[in-house]
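Note that ligands are numbered from 1 as they come in the structure, with each ligand's atoms numbered from 1 the same way.
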Amino acid sequence: MKDSVPRYKVRVTKDHLVFSAAHFITFNGNICERLHGHNWRVAAELTGPLDENGYVFDFIALRDQLQKTVDALDHRVLLPTQHAQIKVREEQDEVEATFENRRWVFPREDCILLPVANTTAELIAHWIGQQLMAVIRSDAASQIESIQIEVEENFGQWALCELPVTRT
Ligand SMILES: Nc1nc2c(c(=O)[nH]1)N=C([C@H](O)[C@H](O)COP(=O)(O)OP(=O)(O)OP(=O)(O)O)CN2
């Protein structure tokens with residue numbers, strides 16, 4: 001029988017990897033939620049071979065990178081720029097969002113515009129994964145094979161997005 005090949009992962013989550021942010025999503029076609037907030041929790045898992053340190057990836061570097069992304073989302077209104085029905089328009093100091101006959105106006109600095117089709121936990125996880133992907137791809141020596149981001153929107157309600165790391 002062949003020896004089994006170990007597979008390694010690192011996973012990071014912390015009490016401070018949390019962001020408080022407002023959003024509203026649409027679902028079932030044209031139902032649009034009211035603006036409301038959550039304390040979103042984030043975790044990340046990376047899969048890959050061990051390096052010369054015996055690491056898949058340094059916990060500290062992963063933690064600090066996630067913290068930067070979490071901080072960019074904290075105390076913001078999350079707005080989708082690729083939504084079919086929610087139209088988001090940036091003005092100089094304000095952002096206007098419209099859905100059918102509803103309209104919201106926010107100070108520009110209070111918003112983060114995300115290139116997603118809906119600010120679901122799944123798509124926020126995907127966006128966070130893309131931020132981490134850019135950092136991992138910028139390291140030519142990295143052999144990370146996949147990134148998994150988990151986002152908890154409410155207690156015990158997690159969405160996961162797994163992104164294979166492709167290199168050109
Ligand atoms: N798979 C997903 N399902 C749902 C998502 C999502 O992002 N992915 N999102 C929502 C809504 O945003 C909803 O507002 C979730 O909020 P939550 O507080 O959990 O729902 P409640 O309305 O039940 O609020 P309580 O405060 O807990 O009463 C729904 N589904």
Side-chain angles (χ1 to χ4, degrees), residues 7 9-47 57 59 62-91 93-137 144-166:
R7 194 168 166 78
K9 295 169 185 268
V10 291
R11 184 166 188 275
V12 168
T13 186
K14 293 277 179 187
D15 286 348
H16 51 82
L17 289 175
V18 172
F19 60 96
S20 302
H23 81 145
F24 55 96
I25 65 168
T26 64
F27 57 95
N28 296 348
N30 67 342
I31 302 175
C32 182
E33 293 183 322
R34 287 185 192 283
L35 181 69
H36 64 281
H38 299 282
N39 292 318
W40 312 74
R41 182 175 294 273
V42 176
E45 186 174 283
L46 301 181
T47 305
F57 198 87
F59 289 133
L62 178 56
R63 178 197 71 192
D64 292 351
Q65 194 54 49
L66 284 174
Q67 190 70 56
K68 284 185 196 169
T69 303
V70 161
D71 289 347
L73 299 172
D74 195 29
H75 294 178
R76 297 287 197 282
V77 182
L78 314 180
L79 293 168
T81 61
Q82 294 179 0
H83 198 289
Q85 299 136 296
I86 298 172
K87 299 297 172 200
V88 175
R89 197 159 59 90
E90 278 187 88
E91 290 166 11
D93 300 323
E94 292 178 339
V95 175
E96 178 194 68
T98 55
F99 172 84
E100 297 180 346
N101 61 354
R102 293 162 67 186
R103 177 170 173 269
W104 301 259
V105 179
F106 306 102
R108 178 67 189 87
E109 64 187 15
D110 289 0
C111 299
I112 180 153
L113 276 51
L114 299 175
V116 297
N118 211 5
T119 55
T120 61
E122 288 87 336
L123 291 173
I124 292 170
H126 188 179
W127 181 80
I128 293 171
Q130 288 171 319
Q131 308 313 297
L132 192 54
M133 179 74 79
V135 173
I136 284 169
R137 278 203 184 128
I144 297 297
E145 293 158 2
S146 71
I147 298 171
Q148 180 171 288
I149 300 293
E150 300 169 39
V151 169
E152 185 188 45
E153 187 183 60
N154 201 340
F155 297 114
Q157 295 171 198
W158 291 89
L160 282 69
C161 177
E162 187 174 355
L163 298 171
V165 178
T166 52

Quick one: ligand 1 N/O to protein N/O pairs below 3.5 Å?
| residue | atom | partner | partner atom | Å |
| --- | --- | --- | --- | --- |
| ligand 1 | 1 (N) | Glu122 | OE2 | 2.7 |
| ligand 1 | 7 (O) | Ala121 | N | 2.8 |
| ligand 1 | 8 (N) | Glu122 | OE1 | 2.8 |
| ligand 1 | 9 (N) | Glu153 | OE1 | 3.2 |
| ligand 1 | 12 (O) | Glu33 | OE1 | 3.4 |
| ligand 1 | 12 (O) | Glu33 | OE2 | 3.0 |
| ligand 1 | 12 (O) | Glu153 | OE2 | 3.3 |
| ligand 1 | 14 (O) | Glu33 | OE2 | 2.7 |
| ligand 1 | 14 (O) | His36 | NE2 | 3.1 |
| ligand 1 | 18 (O) | Asn154 | ND2 | 2.9 |
| ligand 1 | 19 (O) | Asn154 | ND2 | 3.1 |
| ligand 1 | 19 (O) | Gln157 | NE2 | 2.9 |
| ligand 1 | 27 (O) | Asn154 | ND2 | 3.2 |

Carboxylate-amine/guanidinium contact Glu91 Arg108, below 4.0 Å: no

Any residue meeting salt bridge (charged side-chain N to carboxylate O under 4.0 Å, His left out) with Glu162, in chain and number order, not counting sequence neighbours: none

Set of side chain to side chain donor-acceptor pair (under 3.5 Å) partners for Asp71, sequence neighbours left out: Gln67

Those residues that, when tested against Asn39, pass side chain to side chain donor-acceptor pair (under 3.5 Å) (two or more places apart): Ser20

Ile144: which of Thr47, Val10, Leu46, Leu132 passes side chain to side chain contact (heavy atoms under 4.5 Å, CB included): Leu46

Aromatic ring pairing Phe24/Trp104, orientation class (parallel under 30°, perpendicular over 60°, tilted between): parallel

